[in-house]
Amino acid sequence: MTQDELKDAVAAAAIDEIRPHLYRDTVLGIGTGSTANCFIDRLAELRDDFKGAVASSEASAKRLQDHGIEVFELNSTGNVPFYIDGADEVNAHLHMIKGGGAALTREKIVAACSERFICIADASKRVARLGAFPLPVEVIPMARSYVARELVKLGADPVYRQGVVTDNGNQIIDCYDFMIDDPVAMEARLNAIVGVVTNGLFAARSADVLLLGGPNGVERLTPSE
Ligand code: 5RP
């Protein structure tokens, strides 16, 4: 199977996971990226079975609306029963690196408001240790150089993602050569740097379920102890 076919297979598995729990008043949390897009495209078939969605990016909001799915502001919905999103890396505890698409802050906000986080990913995203994928950090623009210097002190090689402005009007620094032994502690440590809006470690609020697509089909995994 190609990587695109694997992404579509996990999107289909996520539809199967949530379909029994959809009601006319259900609002779903929806992520960002190519795997989330596969899910949005499949969700279109069910548009009459639930109320709508909260999106983690302007791009996903547009894709949902183009399919006739109503998009709500998170402030008007309260918590959502499910958040469905991809990942750049995911480990056995279902800690993730996210933000390759620069949507990490809104993704983390919607994930925080979700009762169940379903991560959908092809098998290339599964790792023993997080960090081979450069960790994104969203920063307030005027703090970018200061944050970069602090990241160097922590052992990272920070690289400004040129030309990218997040949906929140901020900038992204990607941390290269930064393998992470304790994702929960590092997530908190990075967030404590003044000027950091969010970092792409999703460990304090990890996924509850991972639907992982590989050559033998879709595996359903839950966090290991
Ligand atoms: C966007 C994200 C995405 O979930 C992550 O980059 C995975 O994307 P894809 O499904 O395209 O591989 O965090 O900010």
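Positions are given from 1 along the sequence. Just so you know, ligand 1 is whichever comes first in the structure, and atom 1 is the first atom listed for that ligand. Every value quoted in this text rests on a predicted model; they were computed, and no experiment measured them.
The residues Arg24 and Asp49 are annotated as not salt-bridged, no charged nitrogen and carboxylate oxygen being separated by less than 4.0 angstrom. Salt bridge present: Asp174 and Arg161 bring a charged side-chain N and a carboxylate O closer than 4.0 Å. The residues Arg126 and Glu219 are annotated as salt-bridged, a charged nitrogen and a carboxylate oxygen being separated by less than 4.0 angstrom. Contact check on Glu58 versus Arg106 returns a salt bridge, with a Lys/Arg side-chain nitrogen under 4.0 Å from an Asp/Glu carboxylate oxygen. Using a cut-off of 4.0 Å between Lys/Arg side-chain N and Asp/Glu carboxylate O, Asp208 and Arg205 are scored as salt-bridged. Glu89 and Lys125 are not joined by a salt bridge, as no carboxylate oxygen comes within less than 4.0 angstrom of a charged side-chain nitrogen. Salt bridge annotation for Arg19-Asp16: present, with a cationic side-chain nitrogen under 4.0 angstrom from a carboxylate oxygen.
At under 3.5 Å, a nitrogen or oxygen of Gly101, whether backbone or side chain, sits near a nitrogen or oxygen of ligand 1. At least one N or O atom of Ala103, backbone or side chain, sits closer than 3.5 Å to an N or O atom of ligand 1.
Under a 4.0 Å criterion applied to the non-hydrogen atoms of Gly33, ligand 1 contributes the atoms 11 (O). The distance from ligand 1 to the heavy atoms of Gly86 drops below 4.0 Å at these ligand atoms: 4 (O). Against a heavy-atom cut-off of under 4.0 Å, Thr32 is close to the following atoms of ligand 1: 1 (C), 2 (C), 3 (C), 4 (O). For ligand 1, the atoms lying closer than 4.0 Å to a non-hydrogen atom of Ala102 are 14 (O). Every atom of ligand 1 is numbered from 1 in the order shown, and the set under 4.0 Å from a heavy atom of Lys98 is 2 (C), 3 (C), 4 (O), 13 (O). Atoms of ligand 1 found under 4.0 Å from any heavy atom of Asp88, numbered from 1 in the order shown, are 5 (C), 6 (O), 7 (C), 13 (O).
The backbone of Ala87, and not its side chain, has at least one atom closer than 4.0 Å to an atom of ligand 1 (non-hydrogen atoms only; backbone = N, CA, C, O).
Shortest contact from atom 1 (C) of ligand 1 to any protein heavy atom: Glu107 OE2, 3.0 Å. Taking atom 12 (O) of ligand 1 as the reference point, the nearest protein heavy-atom neighbour is Lys125 NZ, 2.6 Å. What sits closest to atom 11 (O) of ligand 1 on the protein, heavy atoms only, is Ser34 OG, 2.5 Å. The protein heavy atom nearest to atom 10 (O) of ligand 1 is Thr35 OG1, 2.5 Å.
For Arg144 and Tyr160, the positive end sits near the middle of the six-membered ring, less than 6.0 Å away and at most 45° from its axis.
The shell of residues lying under 4.0 angstrom from ligand 1, judged by heavy atoms, includes Gly99.
Heavy-atom minimum distance, Ile118 versus Phe82: CD1-CD2, 3.7 Å.
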